[in-house]
Every structure is written in structure tokens, then in C-alpha cells.
Amino acid sequence: VKDKLIIIPGAEWAKIFLASVLFIFIVRYLNMHAAISLLAKIPIILAISGAIYIMLLFALKLLTFAEISKLLKRFRSA
């Protein structure tokens, strides 16, 4: 029995692709339906779609609170 040298994480890649496609559709939807000035629209759209993207990553179990805390510690130390 030969062991596989490389294990391709296809399920994780598919989940990341799904989350990314949904992020882009949310950005496009909010951009088409928001009737405010461009300077106000950009941060609002990014905040809403970014929050939904992060929640989706948690729901798909691609991101954990431990990883978030590690990233925050790394940014604070830099």
C-alpha cells in the first residue's frame, strides 16, 4: 500500500471558492441597490460584505476564533 505524498484539500478549496463567489455577489448586489454617494457607499459595502464573508468562513468551518486571536496578536506585535 502506497501512501499519498500530497493530499489535495479539494473540499476546503471548494468552500473557499463558494465563499468568495458569494462575497462578490453580495458586493455587486449592494453596489447596484445602494443609492448614496460613492465615498459613503464604498466603506458601507465593504463593511457589510466583509462581515458576511467572515461569518460565512466561520459557518463553513474554514476559520476559527483561535486563528483570529493569533492574527490579532501578530498584528499588535508588528
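Throughout, residue positions are numbered sequentially from 1 according to the sequence presented.
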Looking at every non-hydrogen atom in both residues, tell me the closest pair between [X] and [Y] and how far apart they are.
{"X": "Phe58", "Y": "Ile68", "result": "CZ-CG1, 3.9 Å"}
{"X": "Ser49", "Y": "Val27", "result": "OG-CG2, 3.4 Å"}
{"X": "Lys15", "Y": "Leu62", "result": "CB-CD1, 3.5 Å"}
{"X": "Trp13", "Y": "Ile8", "result": "CZ3-CG2, 3.4 Å"}

Which distance, rounded to the nearest 0.5 Å, do you find between the [atom1] of [X] and the [atom2] of [Y]?
{"X": "Leu71", "Y": "Arg74", "atom1": "CG", "atom2": "CZ", "answer": "6.0 Å"}
{"X": "Ile42", "Y": "Leu30", "atom1": "CD1", "atom2": "CG", "answer": "13.0 Å"}
{"X": "Thr64", "Y": "Leu57", "atom1": "OG1", "atom2": "CG", "answer": "11.0 Å"}
{"X": "Ile48", "Y": "Tyr29", "atom1": "CD1", "atom2": "OH", "answer": "11.0 Å"}
{"X": "Ile54", "Y": "Phe23", "atom1": "CD1", "atom2": "CZ", "answer": "9.5 Å"}

| message | Out of the candidates Ile52, Ile45, Leu56, only one should pair with Ile26 under the side-chain contact (heavy atoms from CB on, under 4.5 Å) rule; please name it. | response | Ile52
| query | Ile36, Leu46: one ILVMFWY side-chain cluster at the under-4.5 Å cut-off? | reply | no
| said: Same cluster or not: Met55 versus Phe17, using hydrophobic residues (I, L, V, M, F, W, Y) connected whenever any side-chain heavy atoms lie under 4.5 Å apart? | reply: no
| Whether over 12 other heavy atoms sit under 6.0 Å from Leu39 CG | no
| request: Before giving the answer on side chain to side chain contact (heavy atoms under 4.5 Å, CB included), spell out for Ile44 and Lys41 the whole-Å C-alpha distance, their side-chain angles and the decisive distance to 0.1 Å. | output: CA-CA 5 Å; Ile44 292 171; Lys41 186 190 295 190; 6.0 Å; no
| query | Do Tyr53 and Ser20 come within less than 4.5 Å of each other through their side chains, counting heavy atoms only? | reply | yes
